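Remember, it's 1-based here, ligands and their atoms both numbered in the order they're listed. Computed from a predicted structure; not experimentally measured. Counting begins at 1 with the first residue of the sequence.
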Amino acid sequence: MSQGAHALDLLRDLKLPRIVYNHPDTGKPQRTDVLLLSPWLAPIVWNDTYNLDILNAQLAQRKVRVGITVFAIKKYTVFVSTFVDTAEKYFMVGHKVTYYVFTDRVSDIPMVELAEGRQMVVLRVPTYQRWQDVTMRRMEMLRDYSRQRFIDEVDYLVCVDVDMRFSDEVGVEILSDLFGTLHPGMYGLPRESYTYERSPQSEAYIPLDEGDFYYAGGFFGGNIEEVYKLTNFCHNAMMTDKAKNIEAIWHDESYLNKFFLYHKPTKILSPEYLWDDMFGTPAFLRRRRFLAVRKNHNEIRN
Ligand code: 48C
């Protein structure tokens with residue numbers, strides 16, 4: 001049976017269990033303080049705007065497999081245990097989850113007892129001298145592993161920074177063909193203020209009169225095909241710039257923003273999904289789900 005027909009068979013049996021919940025009110029939007037839909041009809045995910053029970057039932061029926069990738073290169077291995085411990089409490093609990101930990105220091109990665117249906121795979125990868133290269137080369141490695149391995153093992157990839165901790169539920173509401181996350185530091189700013197790459201010579205260049213949102217480099221994902229396209233674009237763009245001795249202002253994040261400008265994400269995560277307490281707790285932020293861990297950049301990067 002062909003792949004397509006098999007997939008359709010799976011959907012044919014997609015019968016949801018009985019779930020009781022309030023009747024959606026066509027006259028009353030869930031929230032009026034924040035934008036809930038992009039101009040290209042991609043949902044922007046905020047607390048109180050979805051029913052997780054329905055989403056969990058839909059994704060459980062499809063026995064969805066989720067991979068979450070983190071890079072713990074050089075001293076960043078110190079962040080892995082907090083990352084995994086908090087993910088076990090808050091990240092897609094009850095679903096099939098594989099943690100892919102990319103590292104140059106395999107023996108430094110703690111082997112943590114994981115819940116049913118969850119596993120950790122540690123992938124040895126080369127390191128780079130400059131922290132800028134470490135962060136940028138993630139795109140190349142995500143691209144290569146997507147093609148060589150992830151395509152056979154998981155249905156969705158969630159690609160995140162490791163110097164983070166989960167502090168509230170991050171569930172299947174984030175999943176979509178291609179998703180990005182609004183950067184907490186840029187939220188609500190005019191597009192001219194976004195820290196896009198502004199040099200026309202760079203492949204990451206975005207002119208002042210373009211741009212939808214400013215997406216954070218620390219949280220993106222989607223199905224394997226879309227993540228492959230994203231990481232391949234970003235890596236190739238970085239290599240093109242590198243050949244001209246050009247490096248975009250915010251490294252892989254600059255190239256990610258260029259990609260999302262011309263390949264619109266099908267879902268956008270609110271800053272609930274990537275927050276840093278240095279930005280305080282504004283009224284729109286009803287839940288802080290994934291938080292930056294305090295660190296001394298100089299100490300940890302050299
Ligand atoms: O794993 C490393 N090691 C390094 O020396 C520098 C970066 N990284 C990876 O790149 C980590 O996964 C970091 O989370 C990511 C870059 N992101 C940050 O350093 C802050 N979250 C901005």
Novice: Could you tell me if any non-hydrogen atom of G218 lies under 4.0 Å from any atom of ligand 1?
Specialist: no
Novice: With a 4.0 Å cut-off on heavy atoms, does V70 reach ligand 1?
Specialist: no
Novice: Select one of side chain, backbone, both or neither to describe which atoms of K295 lie under 4.0 Å from any atom of ligand 1, heavy atoms only.
Specialist: side chain
Novice: Any salt bridge linking R138 with D161? Criterion: basic side-chain nitrogen under 4.0 Å from a carboxylate oxygen.
Specialist: yes
Novice: Does ligand 1 have any atom sitting under 4.0 Å from a heavy atom of R138?
Specialist: yes
Novice: Less than 3.5 Å between some nitrogen or oxygen of I73 and one of ligand 1, yes or no?
Specialist: yes
Novice: Any carboxylate oxygen within less than 4.0 angstrom of a Lys/Arg side-chain nitrogen, looking at R149 and D144?
Specialist: no
Novice: Ligand 1 and K74, any nitrogen or oxygen pair closer than 3.5 angstrom?
Specialist: no
Novice: If the threshold is 4.0 Å, N to carboxylate O, is there a salt bridge linking R130 and D133?
Specialist: yes
Novice: To the nearest 0.5 Å, what is the distance between CG on D48 and CZ on R287?
Specialist: 8.0 Å
Novice: Taking 4.0 angstrom as the limit, do D212 and K264 come out as a salt bridge?
Specialist: yes
Novice: Backbone or side chain, does any N or O of R301 fall under 3.5 Å from an N or O of ligand 1?
Specialist: yes
Novice: Can you find an N/O atom of Y76 closer than 3.5 Å to an N/O atom of ligand 1?
Specialist: yes
Novice: Counting both backbone and side chain atoms, is some N or O of I300 under 3.5 Å from an N or O of ligand 1?
Specialist: no
